[in-house]
Amino acid sequence: MVVVGGGYTGLWTAYSLAVADPSLRVVVLEAEQVGHGASGRNGGWCSALFPASLASLAATAGRDAALAQHRAMRATVDEVARTAAAEGIDCHLAKGGTVVVARNRAQWTRARAEVAAARTWDRGEDDLRLLDAREATGVLRARGTVGATYTPDCAAIHPARLVRGLAEACERHGVTIHESTRVTAIEPGRARTAAGDVRADVVVRATEGYTPLLPGLRRAVVPVYSLMIATEPLPPAVWDEIGLARRETFSDHRHLVIYGQRTADDRLAFGGRGAPYHLGSRVDPAFDRDERVFAGLYATLVDLFPVLAGTRVTHAWGGPLGIARDWCASVGLDRRTGLAWAGGYVGDGVATTNLAGRTLRDLVLGHDTDLVRLPWVGHRSPAWEPEPVRWLGINAGLRATRLADAEESLTRRPSLLARATATVVPAG
Ligand SMILES: Cc1cc2nc3c(=O)[nH]c(=O)nc-3n(C[C@H](O)[C@H](O)[C@H](O)COP(=O)(O)OP(=O)(O)OC[C@H]3O[C@@H](n4cnc5c(N)ncnc54)[C@H](O)[C@@H]3O)c2cc1C
């Protein structure tokens with residue numbers, strides 16, 4: 001087995017296979033260091049979120065299959081916690097759930113609609129709950145909160161600690177990891193590198209946002225950048241004003257995705273999308289930093305929590321995530337060629353990669369389990385449009401999303417612009 005990419009996808013796959021069959025020879029090839037990609041620098045929401053909605057999964061695979069995917073995602077949050085504990089990975093995991101506050105009437109309308117829709121899928125109070133203003137501010141005291149949604153299905157983690165701990169666990173179970181080893185092409189039976197070919201029965205592509213850099217895969221996913229900032233450690237008095245006593249992860253119901261967590265050392269780590277997409281699906285370390293986006297994140301943070309005005313930001317970074325054309329993550333193995341893949345998680349890969357790794361294990365070993373019958377298995381997303389249409393569409397979508405939030409904070413009503421563009425460009 002050769003796995004290309006040493007992020008969560010590659011490492012969970014290698015780990016799951018090595019544990020299930022210690023006689024397998026499993027090799028991971030990583031262009032830089034393990035955790036160099038999104039896995040080492042994400043927002044640390046280990047959540048049950050899946051990028052494709054239940055409705056879109058049901059449209060292609062049926063209601064039961066869609067709900068099976070949702071149940072598998074919920075169970076995966078606990079599976080990550082179980083494995084981390086079993087392997088002694090100290091990734092600062094705290095399962096406090098996620099609170100998403102509504103801060104104007106338009107956001108509150110969306111929050112209530114989301115819970116009402118969840119009930120039509122038989123998702124009960126134990127899965128997603130509506131909180132009134134008093135309950136919501138009991139968890140998170142963001143300015144202007146009128147209510148919130150809450151799910152228990154999320155654990156805050158330290159992303160780099162998880163990926164490094166996982167790499168060590170892989171090596172303890174006999175996996176060989178070669179860092180600084182870039183794969184130049186993936187072909188049936190081999191991964192090509194400048195130093196020579198690695199031959200294997202199965203080659204797993206686990207390169208997510210970097211996938212377009214591989215030959216023949218330019219339009220498979222688009223790399224979209226998400227950027228983050230982290231504050232200095234905040235004193236207890238400030239946390240008394242903010243909340244998050246159980247390290248709940250948090251967001252609000254705006255259109256453009258924002259996300260935050262209280263870290264184990266009491267910083268506030270906060271991120272969002274909105275950085276531009278780069279023509280030709282380019283990926284470059286220079287794109288990890290964008291001072292305009294960092295300033296916007298800080299302004300949003302202070303708007304949420306005025307007590308943070310003047311607080312020092314000690315870290316700022318970013319990285320590429322991968323988006324499939326239909327926003328559906330997928331995992332699969334082509335038995336004829338021995339080529340396997342997993343990815344397209346958008347911003348929901350922390351837990352989903354674990355499900356991918358266990359699913360690839362069952363596919364490779366030929367085990368007929370519930371996991372291999374989930375609707376994302378073998379799903380093929382269409383290719384993205386050629387340039388410059390791709391660039392125009394994605395950046396127009398980002399702009400429309402930002403404008404929709406501005407419109408709602410002015411009018412307090414659900415955005416007409418968001419409704420008009422929803423079918424063209426998914427929010428966030
Ligand atoms: C800033 C940010 C915040 C995020 N926040 C969250 C969050 O809170 N919750 C959540 O669920 N998801 C989040 N995500 C998404 C999540 O981090 C990813 O979905 C997940 O880490 C993907 O893991 P991966 O292993 O598939 O890809 P990656 O972690 O990107 O790993 C791919 C690896 O492949 C290597 N590679 C690429 N090309 C080659 C090659 N040719 N040869 C060898 N190696 C190669 C790369 O160096 C990299 O290490 C976030 C992403 C970002 C960028």
Side-chain angles (χ1 to χ4, degrees), residues 2-14 27-51 73 76-77 80 98 154-160 162-163 166-167 177-186 191-194 198 203-215 217 221 223-230 249-251 257-261 269-275 283 285 287-288 293 297 316-323 329 331 341-357:
V2 62
V3 177
V4 182
Y8 298 142
T9 299
L11 295 171
W12 280 123
T13 304
V27 170
V28 176
L29 304 178
E30 163 55 50
E32 307 281 345
Q33 300 86 39
V34 290
H36 167 78
S39 301
R41 26 175 154 163
N42 59 71
W45 287 35
C46 180
S47 78
L49 294 170
F50 186 77
M73 286 303 308
T76 297
V77 178
V80 172
T98 298
C154 186
I157 56 126
H158 185 307
L162 176 60
V163 78
L166 196 50
I177 301 175
H178 294 290
E179 296 188 314
S180 306
T181 306
R182 182 172 299 280
V183 169
T184 53
I186 293 177
R192 290 188 174 276
T193 79
V198 180
V203 186
V204 180
R205 167 166 55 81
T207 47
E208 192 60 340
Y210 306 86
T211 304
L213 308 180
L214 284 164
L217 293 164
V221 293
V224 167
Y225 278 75
S226 200
L227 269 54
M228 296 194 64
I229 56 175
T249 53
F250 73 92
S251 180
V257 170
I258 56 165
Y259 49 90
Q261 72 149 294
F270 184 70
R273 282 184 224 147
V283 178
F287 303 153
D288 295 349
V293 176
L297 287 171
W317 70 96
L321 42 83
I323 306 184
V331 55
W341 80 93
Y345 312 106
V346 191
D348 301 329
V350 174
T352 318
T353 48
N354 170 281
L355 185 63

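Counting starts at 1 for both ligands and their atoms, following the listed order.
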Side-chain contact, heavy-atom cut-off 4.5 Å: [X] with [Y]?
X: N42; Y: Y8; value: yes
X: T98; Y: Y259; value: no
X: L11; Y: I177; value: yes
X: I323; Y: V221; value: no
X: H36; Y: Y210; value: yes
X: L217; Y: R205; value: yes
X: V350; Y: W45; value: no
X: T352; Y: T76; value: no

Do ligand 1 and [X] have nitrogen or oxygen atoms that lie under 3.5 Å from each other?
X: W45; value: yes
X: P320; value: no
X: W317; value: no
X: G43; value: yes

Answer side chain, backbone, both or neither: which part of [X] comes under 4.0 Å from ligand 1, heavy atoms only.
X: Y210; answer: side chain
X: S47; answer: neither
X: V346; answer: backbone
X: L11; answer: neither
X: Y8; answer: both

Which residue from [options] reaches closest to [atom] through any of its heavy atoms?
atom: atom 3 (C) of ligand 1; options: Y225, Y259, F50; value: Y259
atom: atom 17 (O) of ligand 1; options: N42, T13, L321, L29; value: N42
atom: atom 47 (O) of ligand 1; options: E208, E30, E32; value: E30

Residue and atom name of the nearest protein heavy atom (relative to [atom]), distance in Å to one decimal:
atom: atom 34 (O) of ligand 1; value: G5 CA, 3.2 Å
atom: atom 38 (N) of ligand 1; value: T207 CG2, 3.5 Å
atom: atom 1 (C) of ligand 1; value: S226 O, 3.3 Å
atom: atom 53 (C) of ligand 1; value: G319 O, 3.1 Å
atom: atom 45 (C) of ligand 1; value: A31 CB, 3.7 Å
atom: atom 42 (N) of ligand 1; value: V183 N, 2.9 Å
atom: atom 18 (C) of ligand 1; value: A38 CB, 3.8 Å
atom: atom 31 (O) of ligand 1; value: G7 CA, 3.7 Å

query = Do side-chain atoms of T181 reach the backbone of E179 as a donor and acceptor pair under 3.5 angstrom?
reply = yes
query = Is it true that a side-chain atom of E208 and a backbone atom of Y345 form a donor plus acceptor pair closer than 3.5 Å?
reply = yes
Any [X] heavy atom less than 4.0 Å to ligand 1:
X: T352; result: no
X: G318; result: no
X: G44; result: yes
X: G271; result: no

query = Rounded to the nearest 0.5 Å, how far does CG of L162 lie from SG of C46?
reply = 7.5 Å
From S226 atom OG to I258 atom CD1, the distance as rounded to the nearest 0.5 Å = 11.5 Å
inquiry  = Check E30 with R182, please: is the shortest side-chain N to carboxylate O separation under 4.0 Å?
reply    = no
note = Closest heavy-atom pair, D288 versus L227, reported as atoms and distance to 0.1 Å, is O-CG, 3.8 Å
